[in-house]
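See below for the structure under consideration.
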Number of protein chains: 2
Amino acid sequence: MLSDDSMAQSLADCRVGIIGLGLIGGSMALALRGQCASIAGYDTDQAVVEQAIVRGVIDRPLDLSGSAQDVDLVIPAIPVRSIIALIQKLPAMLPGRFHVIDLGSTKSLIVKAMNELPDRIAPLGGHPMVGKEKSGLDAAESTLFRDRVFVFSPVPRTRPETLELGQQLVAAIGARPMILDPERHDQLAATISHVPHLVSSSLVDAAEGNNDEMTWMMASSGFRDSTRLAAAELTPQLDVILSNRAAILDDIARVMRSLEAMADLIELGDEAGLRAKLEIIRKRRAGMYL
Amino acid sequence: MLSDDSMAQSLADCRVGIIGLGLIGGSMALALRGQCASIAGYDTDQAVVEQAIVRGVIDRPLDLSGSAQDVDLVIPAIPVRSIIALIQKLPAMLPGRFHVIDLGSTKSLIVKAMNELPDRIAPLGGHPMVGKEKSGLDAAESTLFRDRVFVFSPVPRTRPETLELGQQLVAAIGARPMILDPERHDQLAATISHVPHLVSSSLVDAAEGNNDEMTWMMASSGFRDSTRLAAAELTPQLDVILSNRAAILDDIARVMRSLEAMADLIELGDEAGLRAKLEIIRKRRAGMYL
């Protein structure tokens with residue numbers, strides 16, 4: 001146990017507490033096995049906690065009753081608005097001094113809540129850029145974060161030692177760290193994740209408009225890939241959307257302006273103009289994911 | 001050789017001529033090996049024809065000088081507007097009686113051109129729902145059409161024996177036949193292929209609007225899949241778009257109405273409304289591609 005005025009400085013010494021043992025939290029526990037002092041876990045579904053202990057994903061249950069002072073690093077791995085509610089209750093749930101690094105998909109509102117925490121709790125916003133079509137502990141895997149980007153959004157009061165611990169965490173799970181302020185993170189996340197989900201959904205929605213069952217039979221790999229996100233689990237996604245409204249609306253407006261510009265060129269039959277516009281886009285996209 | 005008033009009735013007896021030895025034409029030749037009497041091939045790039053012969057993809061060059069009467073089934077596998085131009089010149093290129101089944105991605109304009117053909121040429125519109133990120137003969141493979149939908153759009157003058165030959169062709173290459181009139185084909189193709197390509201491109205275009213290089217570094221698997229089509233080769237795609245303008249504009253308008261409705265719900269913070277809308281879409285999409 002740490003003395004009242006010191007905090008764990010190295011991941012190897014940390015007793016980690018993970019809140020939420022789904023895909024992300026379960027994968028984090030698996031990725032951290034053997035790289036920290038111990039792993040405790042909490043889930044609203046007690047059966048999941050028991051399963052995680054039986055399978056050796058975590059060492060023990062995490063006690064949030066307010067009486068146990070046995071964690072040095074708390075990692076909330078639950079939907080965004082649940083993280084915000086949790087942070088408000090965290091001082092009553094866990095005594096003593098500890099770090100908090102969350103794994104929520106949007107950062108501005110979480111970081112705002114983190115700034116209200118008492119001095120004994122040292123916060124840092126985090127967001128691993130991962131996802132899978134499956135969810136839950138059964139889908140968790142130790143390699144989920146490997147070679148993936150892990151964004152940190154420090155708050156004004158984030159301590160250097162918490163950021164250092166975050167860097168150790170990212171190294172331990174094999175991810176690539178990126179530091180972005182919360183607003184910039186949220187704008188970029190809207191562009192590369194939240195709006196693509198909504199746009200994928202709009203393609204399926206438009207296809208319903210054909211009122212023709214043959215539509216679904218004719219759909220091939222192009223439609224499959226461009227609408228894959230529309231099949232994702234909805235509850236965490238709604239959480240993300242409603243905690244990042246301004247950035248999402250801004251990006252939807254840009255997508256619509258782009259589609260309008262393309263529709264104008266198509267209506268005019270302006271082949272050269274359409275080619276020029278699409279070629280810039282094609283080159284940009286072809287240069288990604290090499 | 002067939003007598004002047006008869007046409008080959010079975011694929012096994014057909015001397016096939018494939019025009020365009022890229023991904024689609026090359027794959028068709030490979031898939032038809034041993035299932036027809038012979039395969040001749042034409043490409044605007046003479047080196048590709050020679051390569052196709054050396055590799056055993058085709059048996060011989062296809063003579064389009066107007067003097068040779070040595071094919072029973074002609075399969076144009078080139079971009080849509082090239083097919084239209086070809087069909088207009090076909091009577092001068094090939095004497096005698098033969099079938100034509102094209103593989104173009106839109107059907108209305110091709111079928112219109114087909115209706116002008118002389119009686120000795122028996123046309124049928126076709127469209128295999130396949131695609132790959134790579135193009136050209138090097139990317140061709142005999143299994144490209146296996147288990148994929150192959151749409152036929154008969155013209156009013158399509159003969160029963162040409163449709164029967166088409167069914168044999170589809171069976172030979174392992175595809176699944178679907179018969180749709182040209183306008184219905186083009187509306188559905190706009191919805192499941194052409195507009196998803198444009199929408200994918202609009203996501204990349206909107207991302208440029210961030211003016212932030214971190215956007216591209218942060219992009220993960222969701223952005224990768226939803227924008228994969230934006231990296232596709234442009235020339236055949238422009239051909240498709242400009243030969244299907246009305247259906248595409250109609251579908252873009254539907255996508256934009258859907259996005260506007262989602263933006264309104266997000267702006268209002270109407271979680272129940274957004275959940276209801278996205279849940280219908282999620283269920284539909286989750287039920288596809290099983």
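Just so it is clear, the structure is predicted and the values come from calculations on it, not from any experiment. Numbers restart at 1 for each chain; the letters A, B, ... are given by sequence-line order, proteins then strands.
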Heavy-atom distance under 4.5 Å to chain B: side chain of Arg184(A), backbone, both or neither? side chain

Engaged part of Leu234(B) at the chain A interface, taking heavy atoms whose separation is under 4.5 Å: both

Contacting moiety of Glu260(B), where chain A heavy atoms sit under 4.5 Å: both

Most contact-rich option vs chain A, by heavy-atom pairs under 4.5 angstrom, among Ile252(B), Val204(B), Asp212(B), Val195(B), is Asp212(B)

Under 4.5 Å from any heavy atom of chain A - which part of Leu198(B): both

So, the part of Leu229(B) with a heavy atom under 4.5 Å from chain A: the answer is side chain

Contact between His185(B) and Met218(A) at the side-chain level, heavy atoms closer than 4.5 Å - yes or no? yes

By residue number, those in residues 142-151 of chain A with heavy atoms under 4.5 Å from heavy atoms of chain B are Arg148(A), Val149(A), Val151(A)

Let me know if Leu268(A) has heavy atoms under 4.5 Å from chain B in its side chain, its backbone, both or neither. backbone

Pairing of Arg254(B) and Asp251(B) as salt bridge, 4.0 angstrom limit: yes

Check this for me, if you would: do Asp186(A) and Lys107(A) make a salt bridge, where the nitrogen-to-carboxylate-oxygen distance has to be below 4.0 angstrom? no

Please state whether the side chain, the backbone, both or neither of Ser193(B) comes within less than 4.5 Å of a heavy atom of chain A. neither

For Leu242(A), is it the side chain, the backbone, both or neither that has a heavy atom under 4.5 Å from a heavy atom of chain B? side chain

For Lys283(A), is it the side chain, the backbone, both or neither that has a heavy atom under 4.5 Å from a heavy atom of chain B? neither

At a heavy-atom distance under 4.5 Å, which candidate from Arg257(B), Arg275(B), Gln187(B), Met129(B) has the highest pair count against chain A? Arg275(B)

In terms of heavy-atom proximity below 4.5 Å to chain A, should Ala189(B) be classed as side chain, backbone, both, or neither? both

Measuring heavy-atom distances to chain B, does Met262(A) have an atom under 4.5 Å in its side chain, in its backbone, in both, or in neither? side chain

Which bit of Leu238(A) is near chain B, if near means a heavy-atom gap under 4.5 Å: side chain, backbone, both or neither? side chain

Using the test ring pair (Phe, Tyr, Trp, His ring centres under 6.0 Å), find all partners of His194(B) that sit at least two apart in sequence or belong to another chain. none

Taking the basic N atoms (NZ, or NE/NH1/NH2) and the acidic carboxylate oxygens, is any pair closer than 4.0 Å for Arg81(B) and Asp239(B)? yes

Could you pull out all residues at least two apart from Asp270(A) that satisfy salt bridge (Lys or Arg N to Asp or Glu O under 4.0 Å)? none

By a 4.5 Å heavy-atom criterion (distance strictly below it), what part of Asn210(B) contacts chain A: side chain, backbone, both, or neither? both

Using a heavy-atom distance cut-off of less than 4.5 Å, which residues of residues 169-181 of chain A contact chain B? Met178(A), Leu180(A)

Taking every heavy-atom pair that is under 4.5 Å apart, which of Ile281(B), Thr191(B), Ile241(B) has the most such pairs with chain A? Ile281(B)

Side chain, backbone, both or neither: which part of Leu249(B) has a heavy atom under 4.5 Å from chain A? side chain

